[in-house]
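Pasting a structure below so you can have a look.
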Amino acid sequence: MNYKLIKMNIHGDERGKLVSIEGGQNIPFEIKRVYYIFDTLPNQERGKHAHKELEQIIIAIDGACQFVLDDGQKREEIWLNRPDVGLYIGKNMWREMRNFSYGCKLMVLASTHYDENEYIRNYEEFKKQKNNV
Ligand code: TYD
């Protein structure tokens, strides 16, 4: 499975907490794009696609949601629910997001610019490509 959880350092004191993200240091790729997802709802699912080239780190900076990760052979579910933990997802992994808490906010760091052509949005096509059928 081409994913891992990355624990970020928290700089905290009586004023609050701060997490710093630095390309090439605690992030294993050059950051080309940042986007964020908000106004999520518990009964809405997102994702349901893979990326041929893109690598990402996703951080639940507020709230929680569940990720389903699938490499074409097996499926794993993990909860993202801490602002100091990033979920790294490598190339060619199917992902689904669900069970968003109200107001969950996800910040996403991406290794490439947005390119719809490198999405695989059909699960059967994804499985075929993964299994070289
Ligand atoms: P999509 O990738 O389907 O979102 P999710 O993975 O959360 O389900 O993107 C939703 C819409 O936003 C779609 O029309 C494409 C557009 N979009 C951009 O224009 N730029 C971006 O960087 C991203 C991630 C999406």
Side-chain angles (χ1 to χ4, degrees):
M1 293 289 261
N2 192 6
Y3 79 88
K4 64 182 172 184
L5 291 169
I6 299 176
K7 174 77 177 69
M8 314 279 181
N9 270 341
I10 297 180
H11 304 271
D13 56 35
E14 64 282 358
R15 300 167 302 160
K17 296 189 174 80
L18 179 155
V19 170
S20 160
I21 294 170
E22 302 213 26
Q25 294 190 9
N26 50 355
I27 300 299
F29 52 78
E30 188 192 339
I31 300 164
K32 288 263 182 64
R33 175 167 53 113
V34 175
Y35 62 92
Y36 46 92
I37 296 172
F38 59 102
D39 273 355
T40 54
L41 288 171
N43 59 352
Q44 295 292 334
E45 299 185 349
R46 303 189 64 104
K48 301 190 178 197
H49 55 68
H51 293 278
K52 295 175 198 163
E53 291 303 325
L54 181 71
E55 297 169 82
Q56 288 176 305
I57 291 195
I58 302 141
I59 302 160
I61 53 172
D62 194 13
C65 82
Q66 192 180 34
F67 271 76
V68 176
L69 296 158
D70 183 325
D71 67 359
Q73 302 278 341
K74 59 181 176 157
R75 237 162 212 242
E76 290 178 14
E77 292 175 4
I78 63 157
W79 279 95
L80 216 51
N81 53 11
R82 291 180 60 106
D84 60 335
V85 172
L87 169 63
Y88 168 83
I89 307 180
K91 297 176 189 180
N92 261 308
M93 287 282 291
W94 186 263
R95 84 284 316 271
E96 299 178 3
M97 295 106 91
R98 63 189 186 199
N99 291 325
F100 288 93
S101 63
Y102 278 105
C104 169
K105 292 167 193 68
L106 299 181
M107 184 173 72
V108 185
L109 315 173
S111 68
T112 67
H113 293 140
Y114 174 70
D115 176 8
E116 185 61 37
N117 293 324
E118 69 86 48
Y119 277 68
I120 305 171
R121 291 195 183 269
N122 179 292
Y123 185 70
E124 290 311 312
E125 188 192 329
F126 165 73
K127 274 201 72 136
K128 270 190 203 157
Q129 290 205 12
K130 281 297 263 195
N131 300 314
N132 283 326
V133 180

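Whatever order the structure lists ligands and atoms in, that order sets their numbers, starting from 1.
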**Message:** Would you say atom 15 (C) of ligand 1 makes contact with the protein, given that contact here means a non-hydrogen protein atom less than 4.0 Å away?
**Reply:** yes
**Complete:** So for Val108 against ligand 1, with non-hydrogen atoms under 4.0 Å, the contacting part is neither
**Prompt:** Which bit of Arg121 is near ligand 1, meaning a heavy atom under 4.0 Å away: side chain, backbone, both or neither?
**Reply:** side chain
**Asked** Which bit of Glu116 gets closer than 4.0 Å to ligand 1, counting heavy atoms only: side chain, backbone, both or neither?
**Response** neither
**Request:** Look at atom 4 (O) of ligand 1 and say which protein heavy atom is nearest, naming residue and atom and giving the distance to 0.1 Å.
**Result:** Arg46 NH2, 3.4 Å
**Prompt:** At a 4.0 Å cut-off, with the gap strictly under it, does some heavy atom of Arg95 reach an atom of ligand 1?
**Reply:** no
**Message:** As an exercise, identify every atom of ligand 1 less than 4.0 angstrom from a heavy atom of Tyr119.
**Reply:** 2 (O), 24 (C)
**Asked** Looking only at heavy atoms, is any part of Arg33 under 4.0 Å from ligand 1, and if so is it the side chain, the backbone, or both, or is it neither?
**Response** side chain
**Prompt:** For atom 12 (O) of ligand 1, is some protein heavy-atom partner under 4.0 Å away?
**Reply:** no
**Message:** In this structure, would Tyr36 and Leu41 fall into the same cluster of hydrophobic residues linked by side-chain contacts under 4.5 Å?
**Reply:** no
**Prompt:** Closest approach of Ser20 and Asn26, non-hydrogen atoms and distance?
**Reply:** O-ND2, 3.0 Å
**Test side-chain contact (heavy atoms from CB on, under 4.5 Å) applied to Phe67 and Glu96, Met97, Arg98, the passing residue** = Met97
**Fill in**
Minimal heavy-atom distance between Lys91 and Lys52, with the atoms involved, is CB-O, 3.7 Å
**Complete:** min-distance protein heavy atom vs atom 6 (O) of ligand 1 -> His49 NE2, 2.7 Å
**Item:** Main-chain N/O of Cys104 paired with Thr40 side-chain donor or acceptor, under 3.5 Å
**Value:** yes
**Fill in**
heavy-atom search around atom 8 (O) of ligand 1 in the protein gives Gly47 N, 2.8 Å
**Fill in**
closest protein heavy atom to atom 25 (C) of ligand 1 is Tyr114 CE1, 3.8 Å
**Item:** Ile37 N/O to ligand 1 N/O under 3.5 Å
**Value:** no
**Message:** Strictly by salt bridge (Lys or Arg N to Asp or Glu O under 4.0 Å), give each pair with a member in residues 56-66 just once, sequence neighbours left out.
**Reply:** Asp62-Lys105
**Pair listing, salt bridge (Lys or Arg N to Asp or Glu O under 4.0 Å) test, anchored in residues 21-47, at least two apart** = Glu45-Lys48
**Request:** Look at the aromatic rings of Trp94 and Tyr123 and report parallel, tilted or perpendicular, splitting at 30° and 60°.
**Result:** perpendicular
**Request:** Quick one: pull up CD1 in Ile89 and CG in Leu69 and give me the separation to the nearest 0.5 Å.
**Result:** 5.0 Å
